[in-house]
4 protein chains.
Amino acid sequence: MTTGRRGRARSEQARHAILTATATLLAASGYEQLSVDRIATTAGVGKQTVYRWWPSKSAVIAECLLDGYVLSDLIEPAKSGDARSDVLSWLRALVDFLDDPKNAALFRALAAAASENREVSDRLYQRFSGPLHTSLVECLRAGVRTGRIRDDAPVRAVADVLIGAVLHRALAHIDIPLGTADGIVDALFSGIAVADREAHRSR
Amino acid sequence: MTTGRRGRARSEQARHAILTATATLLAASGYEQLSVDRIATTAGVGKQTVYRWWPSKSAVIAECLLDGYVLSDLIEPAKSGDARSDVLSWLRALVDFLDDPKNAALFRALAAAASENREVSDRLYQRFSGPLHTSLVECLRAGVRTGRIRDDAPVRAVADVLIGAVLHRALAHIDIPLGTADGIVDALFSGIAVADREAHRSR
Amino acid sequence: MTTGRRGRARSEQARHAILTATATLLAASGYEQLSVDRIATTAGVGKQTVYRWWPSKSAVIAECLLDGYVLSDLIEPAKSGDARSDVLSWLRALVDFLDDPKNAALFRALAAAASENREVSDRLYQRFSGPLHTSLVECLRAGVRTGRIRDDAPVRAVADVLIGAVLHRALAHIDIPLGTADGIVDALFSGIAVADREAHRSR
Amino acid sequence: MTTGRRGRARSEQARHAILTATATLLAASGYEQLSVDRIATTAGVGKQTVYRWWPSKSAVIAECLLDGYVLSDLIEPAKSGDARSDVLSWLRALVDFLDDPKNAALFRALAAAASENREVSDRLYQRFSGPLHTSLVECLRAGVRTGRIRDDAPVRAVADVLIGAVLHRALAHIDIPLGTADGIVDALFSGIAVADREAHRSR
DNA sequence: CTGTAATCGAGACGGTACGTCCTGTCTTGCG
DNA sequence: CGCAAGACAGGACGTACCGTCTCGATTACAG
């Protein structure tokens, strides 16, 4: 049984060195300063070896993301059963993470890459937004099961909203006050309308 | 009496040509493809004329934003008095706008520019997110005044959330179903919690 | 009894394909365009198979020369006994050969290879200039024996001159008029001096 | 009165630095080691400035030749009136020049460039072979006028022959014995045929 | 008939140079 | 002095080639 492919196999060592170098340089000097030349030199690799496997700088970053060379520990909501407090503490953790300018800069670099490049955005989504979305949806559905969340709640839209609110501020270079997290969760869970609540109460 | 400056005055024609060319190229080919050389050539202008008045490519984009060469017509919520329907129709209009791939591409190009450059993000905020945020906050406060929205509602956070949710999907190249707008508004106004509402009422 | 070597024998087919491909590419695109990669691909052979048997591109060309893959039919002077007409018709044939741009291009490619590489020039000499020189010298000496050529004629220098004159024009991309051959032979056989001949006689 | 051209004028300083660097590197390390990158770095010039004015490395060398950055002092025949001795001493000087391996290597490098590149060969001819050819032809025609050379001598072919003979040996990495020069001149002036001489003697 | 060893096509590897493009500055001559 | 034109130094891009190094698949002699 063979792979059917001939010739020298791809060097896992080179791949690792490239991704490591990319993550290191990205963290150290940012996206603007990142060049394929520098990646190759730092990794001790020929430039062609980079281009053989990735079509662009962005694609390398995308793979760094997918393989956990950057942002390795995904911040996920806990699952204590209390959906509201789970979501709240997740959101606070995220805001806290982005409070570090280093993390915010990396985050923006990734967003820039994603904006320009379909592949990066796909990978980014596949690795982060997607699982996070799923995770949040599950968290909310658990809340539905325990009777704390309306069973007709638009959980997917809510999950989008939670992620997007943070993204927006991060991209806009706007510092996110910790209170924001509380406000968001309050609004989403309790609602901001008066009339609606009355309507529901009348059941 | 003169301005005190001697020699030929700054050419308004050149300035206009540069900003127009920048907007056109940005919409057509994205941020990464944009170069000062190309801007100057397209505008029929010397490169130095660009650098004489703007310190960088980003600054030109920033001025494009400020002067309405891109995204000229800001989509603002109506002010019918019914905050909920005003917000809903605004959100639907925004989603509809981004449904056109051309608009989505321009949007992403701006996001990329903003991610990489503080100045662009400032101007973007100053011209769009800011006014929009203000506008939404006002809209929500009007709802408070008419008694349709809780007077302790975290209106600023809600405005953030509304903008961010759309941004997230646009950046991620995710098609936004029109129903999303309804879900978001529903969640924000009515809340998704069951027990919380009771708790709030009992206060 | 065997060769004593174990393992798979060298593939004569591969060797032939490589030399053929080299000759073809050299004639078609010149020395500068010739690469080992292209040779191997054209020959349907692994690159290592080239490097296993030849240390360099130049060495392959050298072997092409030695084995008659290029310039296989050496143009030699006839030996009718009349040295002057033998040399003349040889020179005319050579000029005629180089009149074909294809031949001239191959000729220049070989000259380029020889200029840059000692080995190629050695083989080129060993296979062509050398035998030609010898051949011409013999032809001239035959003329001496038949009494048509001075017995103190510097036959080696004359042979050099005959070859070099053509080479010069070919390398310089100068079209060689057929009359050139006649002029050269005339000059070499009859001499161009008037007084000198008297002087020689009186010695 | 103007040139009609706008924009910054070509920098003579840059041109000079490039040609100087090329000549220096060519003499120091040979044609193989010569790279545009190195030329630019050595000259303290952007690589684009090289490519703006010359299409290739060869073309730069060609201009070095034309402008006397290499081989600055063309070896020309003297004009004492005695054509035979003028030609002979010129040929001896040339052979002597090529006796230095450094000069021979440069000579071959130029020949290689000329073989591959039409433009180089044109310039080389324009600067060297051409003037030399003219010079030799004049020298020989002076000989005709003084009655030392036959008035029907094929002077152009003779000039070709004189240049080519040396070129041949230089390209082939063959050391040229000094005696060769004498042999060539002897053959060309006195002729090698016996019959011809007898015919002349019979007057 | 079964190793063992050298070959084969294929193709990835670390490097070097290529020729192009872009940035931000500088220099022309015209208006 | 502004302007269009365009050359300048510098530096990254993505490609081509060099010569080396694995791969798995033959092939041929040795035991």
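Bear in mind the structure is a predicted one, so any value in this text is a computation, not a measurement. Side chains are part of it too, since the values below use all heavy atoms of this structure and drop only hydrogens, waters and symmetry mates. Below, chains carry the letters A, B, ... as their sequence lines are ordered, and counting in each starts from 1.
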Determine, for nucleotides 13-18 of chain E in 5'-to-3' order, which nucleotides have protein heavy atoms under 4.0 Å from the base (write B), from only the sugar-phosphate (write S), or from neither (write -).
-> BSB-SB
Take the protein atom NE2 of B:H16 and the nucleotide atom C1' of F:dC3, then report the distance between them rounded to whole Å.
-> 18 Å
For A:R15, which residues count as a salt bridge (charged side-chain N to carboxylate O under 4.0 Å, His left out) partner, sequence neighbours excluded?
-> A:E12, A:E63, A:D67
Over how many whole Å does the gap from D:E32 atom CD to F:dC18 atom C1' extend?
-> 12 Å
Contacts of C:G7 and D:S56 projected onto DNA chain E by closest heavy atom; the upstream (5') one is C:G7
Listed pairs under 3.5 Å, donor-acceptor, residues 23-32 of chain B side chains, sequence neighbours left out:
residue	atom	partner	partner atom	Å
B:T24	OG1	B:T20	O	2.8

Scan for side-chain hydrogen bond (donor to acceptor under 3.5 Å, both in side chains) pairs involving residues 116-125 of chain C, sequence neighbours excluded, and state none if there are none.
-> C:S58-C:N117, C:R118-C:D122, C:S121-D:H173, C:R123-C:Q126
Sequence neighbours left out, what passes ring-ring contact (aromatic ring centres under 6.0 Å, His included) with A:Y69? Give chain and number order.
-> A:H16
In whole angstrom, give the distance that lies between atom CH2 of C:W54 and atom C1' of F:dC18.
-> 17 Å
Rounded to the nearest 0.5 Å, how far apart are CH2 of A:W54 and CD1 of A:I18?
-> 4.0 Å
Just distance, no hydrogens or angles: give the donor-acceptor pairs under 3.5 Å from side chains in residues 39-50 of chain B, sequence neighbours left out.
residue	atom	partner	partner atom	Å
B:T41	OG1	B:D37	O	2.9
B:T42	OG1	B:R38	O	2.7

